Amino acid sequence: MNKESKIVIAIDGFSSSGKSTMAKALASRIGYVYVDSGAMYRAVTLYALRHGLASATSGVEATRLVEALPSILIEFAVQPDGSQHTLLNGEDVEREIRGMEVSGMVSPVSVIPAVRHRLVALQQEYGRAKGIVMDGRDIGTTVFPDAEMKVFVDASPEVRARRRLKELTEKGIPTTYEEVLANVRERDHIDSTREESPLRKADDAFVLNNDNLSLDEQLQVLIDLYRKITAK
Ligand code: DC
C-alpha cells in the first residue's frame, strides 16, 4: 500500500471499554479525523427526551421519533483545544449527552432500525474520503465492512464501570459505582442481543483486551498495527 494512501480504521467494543480515548489518541497521532458514532446515537436520544418522545417510565415512542428524524441535525465542532463537541441542531450538547439520563435511554433508541439506517448513512458519508478513525459497536461489521483496519476492544464490566464512574465524577455528574455498573451491564445486554446490527466482533478484527494496559501501551499496539497495514 502506498504510504500516502489513507485508510479507514474501525474500532468497536463494549461501552466504556476505553475505545473512544484510544481512537481519539490514535487519530491525533496519525493525523486522521475522529468520529464518535456513539455521540450520534446519544444526540438522537437527547432529542427524544427533550421532545417527550422517550422517558424512563414509558420508554421510546418509536413511530413519532422516526417521523422526527428529518428535523434532527447532528454535527461535530472542533474546539480550540482540538477536542470535538457534538452539536444537536446547532446547540453544543456535549456535556448533556454524557449524563445518566441519556445513557439510560440510548440503547432502546439505538435498536430502532430507521434511527440506525439514518446514522449509518451519515457515518458512511464521513468515511468517504478515508483518513478516518470511527468508534462504535457496528463500525467494522455494518458501517465499514471493508475497513482496512478493524479493532475490537474488550474489557471486563467492573473495569469499565470504574472508568466510567471516574469520567462522570470528573465531569461533576453525580452517580454511584453500583448505578454505573448496572447501566454498563444493561447496555452490554441490549447492544449485543438486539436484532439490528448487534455488537459483535468482525471476523477480521484484531482483539485488544485492555484490562491491564495503560493508554500509552494500547496506543503503541494500535500504531504498530496501523504501520503494518499501511506498509503492505
Ligand atoms: O459508545 P457510547 O457508549 O457512547 O454509545 C452509546 C450507545 O449508542 C450505546 O449504548 C449503543 C449505541 N451505539 C450503537 O448502537 N452503535 C454505534 N455504532 C455506537 C453506539
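Along the sequence shown, residues are numbered consecutively beginning with 1. Keep in mind that what you see is a predicted model, and the values were worked out from it rather than measured. Counting starts at 1 for both ligands and their atoms, following the listed order.
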Heavy-atom pairs closer than 4.0 Å: do any link ligand 1 to the side chain of Arg187, the backbone, both, or neither? side chain
Geometry only, no angles: is Ser15 polar-contacting ligand 1 at N/O separations under 3.5 Å? no
When you check the side-chain N and O atoms of Ser103 and Arg98, is any donor under 3.5 Å from an acceptor? no
Which of the numbered atoms in ligand 1 are under 4.0 angstrom from any heavy atom belonging to Lys19? 1 (O)
For a quick test of reading the model, state the closest non-hydrogen atom pair linking Thr141 to Lys201 and the distance between them. CG2-C, 4.4 Å
Judging by distance only, is a nitrogen or oxygen of Gln123 under 3.5 angstrom from one on ligand 1? no
Record the part of Met134 in heavy-atom contact with ligand 1 below 4.0 Å; permitted values are side chain, backbone, both and neither. neither
Heavy-atom check, side chain of Pro157 versus side chain of Leu181, under 4.5 Å: yes
In ligand 1, which numbered atoms sit nearer than 4.0 Å to a non-hydrogen atom of Gly38? 4 (O), 5 (O), 19 (C), 20 (C)
Considering only heavy atoms from C-beta outward, does the side chain of Leu65 approach that of Ile72 to under 4.5 Å? yes
Asp138 neighbourhood, listing ligand 1 atoms whose heavy-atom distance to it stays under 4.0 Å: 16 (N), 17 (C), 18 (N)
What's the shortest heavy-atom distance between Gly127 and Phe144, and which atoms? CA-CZ, 3.6 Å
Is the closest N or O pair between Ser16 and ligand 1 shorter than 3.5 Å? no
Of all the atoms in ligand 1, which lie at a distance below 4.0 Å from a heavy atom belonging to Ser110? 11 (C), 12 (C), 15 (O)
Shortest non-hydrogen separation from Leu87 to Val93 and the atoms involved: C-CG2, 4.4 Å
Is there side-chain contact between Tyr32 and Met134, with at least one heavy-atom pair below 4.5 Å? no
Without hydrogens or angle criteria, can the side chains of Ser107 and Asp191 be said to hold a donor-acceptor pair below 3.5 Å? yes
Can you tell me which residue and heavy atom of the protein come closest to atom 9 (C) of ligand 1, and the distance to 0.1 Å? Arg137 NH2, 3.2 Å
Of the backbone atoms (N, CA, C, O) and the side-chain heavy atoms from C-beta on, which set of Arg42 has a member under 4.0 Å from an atom of ligand 1: side chain, backbone, both, or neither? side chain
In ligand 1, which numbered atoms sit nearer than 4.0 Å to a non-hydrogen atom of Asp191? 9 (C), 10 (O), 11 (C)
The closest protein heavy-atom partner of atom 19 (C) of ligand 1 is Ser37 OG, 3.3 Å
Report the nearest protein non-hydrogen atom to atom 16 (N) of ligand 1: residue, atom name, distance rounded to 0.1 Å. Arg116 NH2, 3.0 Å
Looking only at heavy atoms, which two atoms of Glu148 and Ile229 are closest? And how far apart? O-CD1, 3.7 Å
Does any N or O atom in Tyr41 lie less than 3.5 angstrom from one in ligand 1, N or O only? no
Any side-chain to backbone donor/acceptor pair from Glu217 onto Ser214? Under 3.5 Å, distance only. yes
Under 4.0 Å from any heavy atom of Ser107, which atoms of ligand 1 are there? 10 (O)
